Amino acid sequence: MNPEARTALLAHYDAVRRDLPWRGESDPYRILVSEVMLQQTRVDTVVRYYEPWLRRFPDVESLADADVDEVLREWEGLGYYRRARNLHAAVRAVRERPGGEFPETALELRALPGVGEYTAGAVASIAFGEVAPAVDGNVRRVLSRWFDEPEPTVSWLRARATELVHLTRPGDWNQALMELGAVVCTPRNPKCAVCPVSKWCAARAAGSQAERPVRARKPRVRAVDMLLVVLQCDGRVLLVRRPDGGLLGGMWAFPESEMTLGAGAGPTPTEEMEAEIATVVRGLDAAIVGPPLPLETVVHRFTHLHVTYRPYIMKATATVADGSGRAWVSASEAGALAIPVAQRRVLDQLTWEVR
DNA sequence: AACGCGGGGTC
DNA sequence: GACCCAGCGTT
């Protein structure tokens, strides 16, 4: 493609690359862990999770042996919890391979759960030196500007990235492109003055870099009021396990019900709220022995959802048999479970008095 | 191609 | 408050 530009970018990467925990790593398991954690997640966030994760799950064997609950607990706060479940399944799949050997090609890696086009290329190039492209959001933006392509398609990106990838240092090349996008070729106010490839950049020449790639239309955010039912009995509260497939899948949370009454919920529950609480409690095969009392509301923003959690606490009889999907937990037991951040904030309001 | 899926940093 | 991040799986 353009040997001069590639040399300039690699030289820039060598000179200024950040010192990250996984930099220079050669263990494919560790590289896979870092790449999965980095999916849709900022470097600064991943840095806080990476090393604790490796202390708990240092290799394929230890992660494959672990229970999914431990895996989710270690992932708690990172978001996109499907990633943790997929990673867990992926190392189990690796263990089942002949000799338990780690897949070494992008094609084989791609077959692992949670490993898509990007992650397969990244791990193959970084861990095994395969000449494979790796196109993430950063690279998309860099290439869109480099070639002044307003709306790059997946196939166009794959073609450009494949042409460009360095033949002897593919892993460093892919990381150099991503690092350029993260540090220099940023979404807003790109730092063209310090960019090592600005003199080959078509958008820079046209002055269109600020508009590349063109913004996608913004998705509308839905506002939701969510009733949370906090049943308390003998210093324990009832948590239910959320369905695997959906939002916050597999994590433990308070029983909830979406309310349509808007922001009117005050210090005392409305009749409508009382009725909804009763419905939820009935569904849990429990019985209330005291009045529902409001806890502080907790606001949490998901990407497409703006949720106001309205927790009500009440004493109840622990008539629920502990099935796999329900559990009466103490404070210390709650500490060991994977619980969504917003609901952890509700838990933090509890005093855990016995009776 | 579009959508669901977390949480947090940045401007 | 809007944007967006070292994406993937499903439909």
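Owing to the predicted nature of the structure, the values given are computational and were not obtained by experimental measurement.
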Trainee: Is Y81(A) close enough to dG7(B) that one of its side-chain N or O atoms is under 4.0 Å from OP1 or OP2 there?
Mentor: yes
Trainee: Let me spell it out: for each of H300(A) and R188(A), pick the nucleotide of DNA chain B with the closest heavy atom. Which residue's pick is nearer the 5' end?
Mentor: H300(A)
Trainee: Identify whether any heavy atom of R140(A) sits under 4.0 Å from a base atom; if not, whether one sits that close to sugar-phosphate; answer base, sugar-phosphate or nothing.
Mentor: nothing
Trainee: May I have the distance from N189(A) (atom CG) to dC4(C) (atom C1'), rounded to whole angstrom?
Mentor: 14 Å
Trainee: Please determine if R169(A) and D14(A) form a salt bridge, counting it only when a charged side-chain N lies under 4.0 Å from a carboxylate O.
Mentor: yes
Trainee: Would you kindly give the CG-to-P distance between L78(A) and dG6(B), to the nearest whole Å?
Mentor: 12 Å
Trainee: Of the candidate nucleotides dC5(C), dG7(C), dG9(C), which contains the atom at the shortest distance from the side chain of N86(A)?
Mentor: dG9(C)
Trainee: How close or far is atom P of dC8(C) from atom CG of L247(A), stated in whole angstroms?
Mentor: 20 Å
Trainee: Assess, by modelled atom type and distance only, whether the side chains of E149(A) and S144(A) contain a donor and an acceptor separated by less than 3.5 Å.
Mentor: no
Trainee: Only pairs at least two apart or in different chains count here, so list each salt bridge (charged side-chain N to carboxylate O under 4.0 Å, His left out) that has a residue in residues 117-135 of chain A.
Mentor: R110(A)-E117(A), E117(A)-R158(A)
Trainee: What is the separation between atom CD1 on I339(A) and atom P on dG7(B), rounded to the nearest whole Å?
Mentor: 12 Å
Trainee: How would you list, by chain and number, every residue that makes a side-chain hydrogen bond (donor to acceptor under 3.5 Å, both in side chains) with S26(A), sequence neighbours excluded?
Mentor: none
Trainee: In whole angstrom, give me the gap between the P atoms of dC8(C) and dG8(B).
Mentor: 22 Å
Trainee: With heavy atoms under 4.0 Å as the rule, sort E117(A) into base, sugar-phosphate or nothing.
Mentor: sugar-phosphate
Trainee: For residues 44-57 of chain A, tabulate all N or O donor-acceptor pairs below 3.5 Å that involve a side-chain atom, not counting sequence neighbours.
Mentor:
| from | atom 1 | to | atom 2 | distance (Å) |
| --- | --- | --- | --- | --- |
| Y49(A) | OH | E76(A) | O | 3.0 |
| W53(A) | NE1 | Y29(A) | OH | 3.4 |
| R56(A) | NH2 | E70(A) | OE1 | 2.0 |

Trainee: Could you tell me the separation between the CG atom of L157(A) and the P atom of dA1(B), rounded to a whole number of Å?
Mentor: 12 Å
Trainee: Scan the side chains in residues 202-213 of chain A for donor-acceptor partners under 3.5 Å anywhere in the protein, sequence neighbours excluded, and list what turns up.
Mentor:
| from | atom 1 | to | atom 2 | distance (Å) |
| --- | --- | --- | --- | --- |
| S208(A) | OG | D148(A) | OD1 | 2.8 |
| S208(A) | OG | D148(A) | OD2 | 3.4 |
| R212(A) | NE | D148(A) | OD1 | 2.7 |

Trainee: Which residues in residues 10-30 of chain A have a heavy atom closer than 4.0 Å to any atom of DNA chain B?
Mentor: none
Trainee: Considering only heavy atoms, which members of residues 33-46 of chain A lie under 4.0 Å from some atom of DNA chain B?
Mentor: Q40(A), T41(A), R42(A)
Trainee: Please tabulate, for the side chains in residues 99-107 of chain A, all donor-acceptor contacts under 3.5 angstrom to protein atoms that are two or more places apart in sequence or on a different chain.
Mentor:
| from | atom 1 | to | atom 2 | distance (Å) |
| --- | --- | --- | --- | --- |
| T105(A) | OG1 | E108(A) | N | 3.2 |
| T105(A) | OG1 | E108(A) | OE1 | 3.1 |

Trainee: Hey, are D59(A) and S62(A) close enough side-chain-wise for a donor-acceptor pair under 3.5 Å?
Mentor: yes
Trainee: Let me know the distance between OH of Y49(A) and P of dG9(B), rounded to the nearest Å.
Mentor: 10 Å
Trainee: Just by distance, with hydrogens left out, do Y309(A) and E256(A) show a side-chain donor and acceptor under 3.5 Å apart?
Mentor: no
Trainee: Give one of base, sugar-phosphate or nothing for V115(A), where a contact means two heavy atoms less than 4.0 Å apart.
Mentor: sugar-phosphate
Trainee: Report the distance from atom CZ of R141(A) to atom P of dC4(C), rounded to the nearest whole Å.
Mentor: 9 Å
Trainee: Which value, in whole Å, describes the distance between the P atoms of nucleotides dA6(C) and dG4(B)?
Mentor: 23 Å
Trainee: The side chain of T119(A) lies closest to which of these nucleotides: dG7(C), dC4(C), dG9(C)?
Mentor: dG7(C)
Trainee: Check every strand shown and say whether G77(A) touches a base, only sugar-phosphate, or nothing at a heavy-atom separation below 4.0 Å.
Mentor: sugar-phosphate
Trainee: Tell me every residue that passes side-chain hydrogen bond (donor to acceptor under 3.5 Å, both in side chains) with D136(A), counting only those two or more places apart in sequence or in another chain.
Mentor: none
Trainee: If you find the nucleotide of DNA chain C closest to Q175(A) and the one closest to G114(A), which residue's nucleotide is nearer the 5' end?
Mentor: Q175(A)
Trainee: So which nucleotide from dG7(B), dG9(B), dC5(C) ends up closest to the side chain of L248(A)?
Mentor: dG7(B)
Trainee: Round to the nearest Å and state the distance from R83(A) atom CZ to dG9(C) atom P.
Mentor: 12 Å
Trainee: Toward the 5' end of DNA chain B, which comes first, G79(A) or T153(A), by nearest nucleotide?
Mentor: T153(A)
Trainee: Provide the full list of ring pair (Phe, Tyr, Trp, His ring centres under 6.0 Å) pairs with a residue in residues 162-205 of chain A, sequence neighbours left out, each pair given once.
Mentor: none
Trainee: What's the closest nucleotide to the side chain of Y80(A) if the choices are dG8(B), dC5(B), dC8(C)?
Mentor: dC5(B)
